[in-house]
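Below is one structure, written out as structure tokens, with a few remarks after it.
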Protein chains: 2
Amino acid sequence: MSEGLRERKKRETRLRISDIATGLFMARGFDNVTVAEVARAADVSVNTVFNYFATKEDLLLDRTPEVEELLVRVFLERGPGESVLQAVRRDFLEALGAGHYRYGFHEGGDVFIRIIEASPSLSARVREMNETREHRLAEAVADELDADPDDLTPAVVAAQIGATLRTVVGYAVRRMLAGETVEAIAPDLRRQAEHAFALLEKGIGDYGARREGRQRS
Amino acid sequence: MSEGLRERKKRETRLRISDIATGLFMARGFDNVTVAEVARAADVSVNTVFNYFATKEDLLLDRTPEVEELLVRVFLERGPGESVLQAVRRDFLEALGAGHYRYGFHEGGDVFIRIIEASPSLSARVREMNETREHRLAEAVADELDADPDDLTPAVVAAQIGATLRTVVGYAVRRMLAGETVEAIAPDLRRQAEHAFALLEKGIGDYGARREGRQRS
DNA sequence: CACTAATTTTTAAGTCACTGCAAAATTTGT
DNA sequence: ACAAATTTTGCAGTGACTTAAAAATTAGTG
């Protein structure tokens, strides 16, 4: 009784709609494709589309939950003695080195970036995503360090880390929009990231560092 | 030949629409008021409303340009030896002390905050505003220090300052939504701001400090 | 004042995301 | 095979926003 016909069909339909929508968006841009077209191409009614996806933006940005939890995960899985900032920087650089570009959403290359950058509503969505990503991190940090509810430090640190990350990613985005590949940018990007995080680290110090002999993972 | 009838009427009409819209939004919330209602109350057609304001959000957030240039102005007018961060912090604390709450948009008290917080599209607009505010600051800093185009430092610093500011303001907003007045929050807010900026300062140091004998204002 | 050009306002018709609801189709368990 | 639960669809909105052309207003000139 792992999965009934109903569940399977739902999963398939959802995936089909999302895939077809993404394809159309890539081919013609987000704002030049209507939900009705997506529905027609996926052979469902418009209402069914909205049954699976709350907004048109969700058709493309379906993995936002993962992105929003990314920093929390990195924080919770950080090594002994590693500070919040150290963990994020390490994970970012690892991702960069491994070619897994999880910080620029999607491994699809610059196609997604172009779609998002060209659409105001998608850009707005990404900003929202960044915000909640920082809020989640702040929560997690405050929680694990059981900080005083009136202590803004977790929120400040999370926001500053998020700001740094966004700036560095923004740099990469700009160069990718100019036509360069991730591989071509990587060395510069690494340098910029190290510099940007260093700028922040001297201020944050070891705040949030997990104490030795108390680590989780 | 200071101002013809036509210009005066335009100015008046624009102001009337904006004022009436703001009044309606305050009374019944942003999403419970249609543009058609605003138009009817202002005794113009819907198209005239859109003639003056590009979006419904602009009916309320009409002063965004000022907010977006705020940090640039503070930066450009900073005193001798004062760093970017020092200037922003000083201006923020001055505003707080003087009761001029220009960092929490509008002196109207918590009413605006409530309207904005209750409306997703307005919140999105505020996020966008914050972003361009940081971009403007980054531009101005890079410009005045004539930084290398590949130097991310101005952008990183601007983003981190913006993040800090947003966090502190967010703290105030939360307490105001809980019913407290600005005056009641002020002391805590001051302390939090000093702490948050201190957190950042140790990392930023004197970056962006105007060199002695070279100031502008 | 009269008359024309420029500008603003309105009217009308439409697009598109998204909602609510009831009917129809499908799946499930028995 | 039948009834209950669930999913899909059709239909009729709502509301922000666009476009284009007609109508009203204002400006400038003789």
Side-chain angles (χ1 to χ4, degrees), chain A residues 1-18 20-22 24-25 28-62 64 115-116 118-126 128, chain B residues 1-18 20-22 24-25 28-62 115-116 118-125 128:
Chain A
M1 60 177 347
S2 57
E3 188 191 48
L5 174 60
R6 191 166 265 165
E7 267 99 37
R8 201 191 69 222
K9 270 201 167 182
K10 277 186 73 172
R11 195 167 39 77
E12 285 171 353
T13 304
R14 183 192 172 87
L15 190 63
R16 175 162 40 94
I17 295 174
S18 171
I20 286 179
T22 302
L24 287 174
F25 294 154
R28 294 165 36 208
F30 186 76
D31 295 319
N32 302 319
V33 176
T34 71
V35 175
E37 282 180 289
V38 172
R40 191 149 30 82
D43 204 45
V44 291
S45 77
V46 174
N47 271 28
T48 300
V49 174
F50 283 115
N51 213 349
Y52 285 102
F53 303 90
T55 67
K56 185 186 177 186
E57 287 75 31
D58 284 334
L59 286 168
L60 188 70
L61 302 179
D62 203 15
T64 46
I115 301 176
I116 294 170
S119 160
S121 60
L122 282 176
S123 301
R125 193 60 185 275
V126 168
E128 194 185 344
Chain B
M1 60 175 351
S2 56
E3 188 191 47
L5 173 61
R6 193 168 263 166
E7 267 100 36
R8 201 190 69 220
K9 271 203 168 181
K10 277 186 74 172
R11 197 167 39 76
E12 286 171 351
T13 304
R14 184 191 170 87
L15 190 63
R16 175 162 40 93
I17 295 174
S18 172
I20 287 179
T22 302
L24 287 175
F25 295 154
R28 294 164 36 208
F30 186 76
D31 294 319
N32 300 320
V33 176
T34 72
V35 174
E37 281 179 290
V38 172
R40 191 151 31 82
D43 203 46
V44 292
S45 79
V46 173
N47 270 29
T48 300
V49 173
F50 283 117
N51 211 350
Y52 285 102
F53 302 90
T55 67
K56 184 186 176 186
E57 287 75 32
D58 284 333
L59 286 169
L60 189 70
L61 303 180
D62 203 14
I115 301 176
I116 293 170
S119 160
S121 60
L122 282 175
S123 301
R125 193 57 184 278
E128 194 186 345

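Letters go in sequence order (proteins before strands), and every chain restarts at 1. Any value given below was found using the heavy atoms of this structure, including those in side chains, with hydrogens, waters and symmetry copies removed.
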A:K56 vs C:dC16: side-chain N/O to OP1/OP2 distance below 4.0 Å: no
Distance test, side-chain N/O of B:Y52 to OP1/OP2 of C:dT8, below 4.0 Å: no
Touch class at under 4.0 angstrom, heavy-atom based, for A:V46 against every strand present: nothing
A:E12 CD to D:dT7 P, straight-line distance once rounded to whole Å: 15 Å
A:T48 side-chain proximity, nearest of C:dT10, C:dT26, D:dT9: D:dT9
B:R6, nearest nucleotide to its side chain (from C:dT11, D:dA27, D:dC17): D:dA27
Any side-chain heavy-atom pair of A:R125 and A:L60 under 4.5 Å: no
Sugar-phosphate only, base, or nothing, as touched by A:V33 at under 4.0 Å among non-hydrogen atoms: sugar-phosphate
C:dT26 phosphate, OP1 or OP2, under 4.0 Å from A:K9 side-chain N/O: no
Sole candidate of A:D62, A:N51, A:T48 that passes side chain to side chain donor-acceptor pair (under 3.5 Å) when paired with A:R14: A:D62
Between D:dT26 (C1') and B:R11 (CZ): distance, integer Å: 16 Å
Minimum side-chain heavy-atom gap B:F30-B:L59 below 4.5 Å: no
Nearest-angstrom distance from the residue atom CG of A:D43 to P of D:dT8: 12 Å
Separation of atom NZ in B:K10 from atom P in C:dT7, rounded to whole Å: 10 Å
Rounded interatomic separation in angstrom, taking CZ from B:R8 and P from D:dT26: 10 Å
Distance, rounded to the nearest Å, where A:E37 contributes CD and C:dC16 contributes P: 8 Å
Salt bridge flag under 4.0 Å for residues A:R16 and A:E12: no
Distance in angstrom units between B:F50 CZ and C:dT11 P, rounded: 16 Å
Test item: A:S18 and A:Y52 side chains (from C-beta on) under 4.5 Å apart, heavy atoms: no
Closest to the B:N47 side chain, choosing from C:dT19, C:dT10, D:dT7: C:dT10
Euclidean distance, atom CG of residue A:N51 to atom C1' of C:dT19 [Å, nearest integer]: 12 Å
